[in-house]
Visitor: 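Here's a structure for you.
The structure displayed is predicted, hence computed values, not measured ones.
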Amino acid sequence: MKITLRLYNTDSGYKEYHDCISFSYEKERYTPYTKLSAVFYEEIDPENIACAAFYLDDKLKHLGTPDKIICSNKNGVKTFSILSFGYTMLLGQNQSEPGIMRDVTLSKIVERNLPIYGVSSQSSTRSVNYIYIEDRTTIWDAACVYAMKAYGTHPFINGANEVRCSKENAVTFTYSSSDIVECEKGASSANLISDAYTTNLEGNWNYSRSNSFAKQRHITKRKYYSRQNDFLYDLNDELKLRMNYGDRAREYGMFTYRGYKGEDLLDKGTFEIGSLKMMNAQIDRIRVRASGGSVLTTLYFYKDSHCANKFLNTK
């Protein structure tokens, strides 16, 4: 595998680094950014680094801010480490201009405010008649409201920094059991909401939603949310968005294999290992790591309100 880190300077010049000691690259269905941590042999000047671009086999996987760079010289060996988050993280750190937006697409949501370097959005998405943006709503939150209204789903990050509501041209990967070194199935109830409520225009708490998945597990977690103008088009969607987010990754299958095939979120995977079998399952979390010349990829497949993967028992 060819590993390339390109560090851009504040004057837009750059230098490439290939002598990688270790790295970890991650992205996840409900996390609005990629994450990179890496260590390379080389001496650098960290003061003027403006941007980090990370490539695997010449394909851009990460483009983000140089959040932390540490240079080291130990026993004459010069190295540097970098921690970087994708530029789409800034969507959750910038507030959207409040007010009513009409004839809204995803691109209008993302591009309404100051442009964010390196960030793009899915083109030709459905147009909805309006979206109301409340005070202190982040751009990412506004994109979540739009995705719920237009598609009944949750946005995700495609490639390095593209915000999308739906997947196009998903690739299906097949995995050999001989390459798989670890697998597991699991469930998490930590974020589940059993009951949610909000008020109508008169202030009465007569909008409600319950979660049978939580109640079947004897979980009582009741939430009362103030009415948000973002959801005046349908106050039920406010509760649906919050409850669906609480359901995220409530069940999952996972395996780790040797190597890396170039998977992206919402691509498909087919595999069978032990008692875990999945056919054309949606990939919802990716972690690629390397150390000592060995590359391992870990893939997660969720079963929740937005991810309908099925885990097939083979025994």
Side-chain angles (χ1 to χ4, degrees), residues 27-33 88-89 91-92 96 104 106 109-110 121-122 125-126 128 131-134 137-158 163-167 170 185-200 205-254 265-266 268 281-286 300-311:
K27 64 188 309 188
E28 194 265 347
R29 175 70 173 85
Y30 300 103
T31 303
Y33 51 84
T88 47
M89 175 180 267
L91 296 174
S96 184
V104 186
L106 181 62
I109 292 282
V110 174
S121 59
Q122 180 180 358
T125 56
R126 298 170 186 168
V128 299
I131 291 288
Y132 190 100
I133 307 297
E134 284 202 329
T137 296
T138 68
I139 301 173
W140 180 253
D141 287 340
C144 291
V145 173
Y146 165 81
M148 174 60 70
K149 186 172 185 179
Y151 291 88
T153 188
H154 195 279
F156 67 96
I157 304 303
N158 187 68
V163 185
R164 296 190 68 91
C165 293
S166 60
K167 182 76 173 182
K185 292 190 290 186
S188 174
S189 60
N191 299 310
L192 295 177
I193 298 170
S194 63
D195 300 275
Y197 303 86
T198 193
T199 61
N200 62 12
W205 295 92
N206 59 352
Y207 281 88
S208 64
R209 185 177 180 86
S210 63
N211 187 341
S212 60
F213 186 88
K215 292 188 174 184
Q216 288 169 357
R217 287 152 181 80
H218 311 295
I219 294 171
T220 300
K221 194 181 293 184
R222 186 173 296 153
K223 301 289 185 180
Y224 289 85
Y225 298 104
S226 59
R227 186 185 67 250
Q228 290 186 247
N229 290 330
D230 310 49
F231 295 95
L232 284 180
Y233 71 91
D234 187 345
L235 291 172
N236 290 303
D237 269 3
E238 177 181 355
L239 303 180
K240 185 177 180 181
L241 185 148
R242 294 181 183 276
M243 190 168 283
N244 286 354
Y245 188 69
D247 276 4
R248 65 192 183 279
R250 67 188 186 191
E251 297 176 275
Y252 71 90
M254 177 277 278
L265 293 179
L266 277 64
K268 304 289 185 178
Q282 174 185 291
I283 298 171
D284 299 302
R285 181 182 172 191
I286 302 166
Y300 285 78
F301 306 82
Y302 295 164
K303 184 178 180 182
D304 59 27
S305 295
H306 294 302
C307 309
N309 288 320
K310 294 181 179 180
F311 309 142

Visitor: Could you check if a side-chain atom of Ser210 sits within less than 4.5 angstrom of a side-chain atom of Lys215, using non-hydrogen atoms only?
Guide: yes
Visitor: So Thr125 and Tyr146, do their side chains get closer than 4.5 Å, heavy atoms only?
Guide: yes
Visitor: Determine whether Asn236 and Tyr207 make a side-chain contact, defined as any pair of heavy atoms from C-beta on separated by less than 4.5 Å.
Guide: yes
Visitor: Using every non-hydrogen atom in the two residues, find where Ala196 and Leu239 come nearest and quote the distance to one decimal.
Guide: O-CD1, 3.6 Å
Visitor: Quick one: ring-ring contact (aromatic ring centres under 6.0 Å, His included) partners of Tyr300, sequence neighbours excluded?
Guide: Tyr252
Visitor: So does Lys223 have more than 12 non-hydrogen atoms from other groups sitting under 6.0 Å from NZ?
Guide: no
Visitor: Would you please name every residue forming a ring-ring contact (aromatic ring centres under 6.0 Å, His included) with Tyr30, sequence neighbours left out?
Guide: His154
Visitor: Under a 4.5 Å cut-off applied to non-hydrogen side-chain atoms, are Phe301 and Glu251 in contact?
Guide: no
Visitor: Measuring only between side-chain heavy atoms, which start at C-beta, is Tyr197 closer than 4.5 Å to Asn206?
Guide: no
Visitor: Between CH2 of Trp140 and OG1 of Thr31, what distance do you get to the nearest 0.5 Å?
Guide: 9.0 Å
Visitor: Are the side chain of Gln122 and the backbone N or O of Cys165 linked by a donor-acceptor pair below 3.5 Å?
Guide: yes
Visitor: State, to 0.1 Å, how close Leu266 and Arg29 come at their nearest heavy-atom pair, and which atoms those are.
Guide: CD1-CD, 3.5 Å
Visitor: CZ of Arg248 to CG of Leu192: how many Å apart, nearest 0.5 Å?
Guide: 10.0 Å
Visitor: Of the non-hydrogen atoms in Asn309 and Gln282, which two are nearest, and what is the gap between them?
Guide: OD1-N, 2.7 Å
Visitor: How close do Tyr151 and Arg126 get, counting heavy atoms only, and between which atoms?
Guide: OH-N, 3.1 Å
Visitor: I'd like to know if the side chain of Ser121 and the backbone of Val110 have a donor-acceptor N/O pair within less than 3.5 Å.
Guide: no
Visitor: If you round to the nearest 0.5 Å, how far is CG of Asp141 from OG1 of Thr138?
Guide: 3.0 Å
Visitor: Let me confirm one number: the CG-CG distance from Asn211 to Asp195, rounded to the nearest 0.5 Å.
Guide: 8.5 Å
Visitor: So which atom in Thr88 and which in Pro32 form the shortest heavy-atom distance, rounded to 0.1 Å?
Guide: OG1-O, 2.7 Å
Visitor: One pair to check against side chain to side chain donor-acceptor pair (under 3.5 Å): Ser305 and Tyr245. What are the steps and the verdict?
Guide: CA-CA 8 Å; Ser305 295; Tyr245 188 69; over 6 Å; no
Visitor: Ring of Tyr225, cation from Arg227 - is the NZ or CZ under 6.0 Å from the centre and inside 45° of the axis?
Guide: no
Visitor: Once you round to the nearest 0.5 Å, how far does CG of Asn244 lie from CZ of Arg209?
Guide: 6.0 Å
Visitor: Tell me whether Lys221 contacts the main-chain N or O of Ala214 through its side chain, where contact means a donor paired with an acceptor under 3.5 Å.
Guide: no
Visitor: I want to check something: taking the side chain as every heavy atom from C-beta on, are Gln228 and Arg242 in contact at a cut-off of under 4.5 Å?
Guide: yes
Visitor: Can you tell if the side chain of Lys149 reaches within under 4.5 Å of the side chain of Ile131, non-hydrogen atoms only?
Guide: yes
Visitor: Any donor and acceptor pair, going by atom type alone, linking the side chain of Arg164 with main-chain N or O of Ser166 inside 3.5 Å?
Guide: yes
Visitor: Start with the C-alpha gap between Ile286 and Leu265, add the side-chain angles, then the distance that decides, and say whether side-chain contact (heavy atoms from CB on, under 4.5 Å) holds.
Guide: CA-CA 7 Å; Ile286 302 166; Leu265 293 179; 4.3 Å; yes
Visitor: For the pair Ser226 and Thr198, evaluate side-chain contact (heavy atoms from CB on, under 4.5 Å) and give the outcome as yes or no after the intermediate values.
Guide: CA-CA 6 Å; Ser226 59; Thr198 193; 6.0 Å; no
Visitor: I need the minimum non-hydrogen distance between Asp304 and Arg250, along with the two atoms involved.
Guide: CA-NE, 3.9 Å
Visitor: Could you walk me through whether Ile283 and Lys268 pass the side-chain contact (heavy atoms from CB on, under 4.5 Å) check?
Guide: CA-CA 6 Å; Ile283 298 171; Lys268 304 289 185 178; over 6 Å; no
Visitor: How long is the span from the CG atom in Asp284 to the NZ atom in Lys27, to the nearest 0.5 Å?
Guide: 12.0 Å
Visitor: Consider only side-chain N and O atoms of Tyr33 and Glu28, and report whether a donor and an acceptor are under 3.5 Å apart.
Guide: no
Visitor: Are Leu106 and Val163 close enough that some pair of their side-chain heavy atoms sits under 4.5 Å apart?
Guide: yes
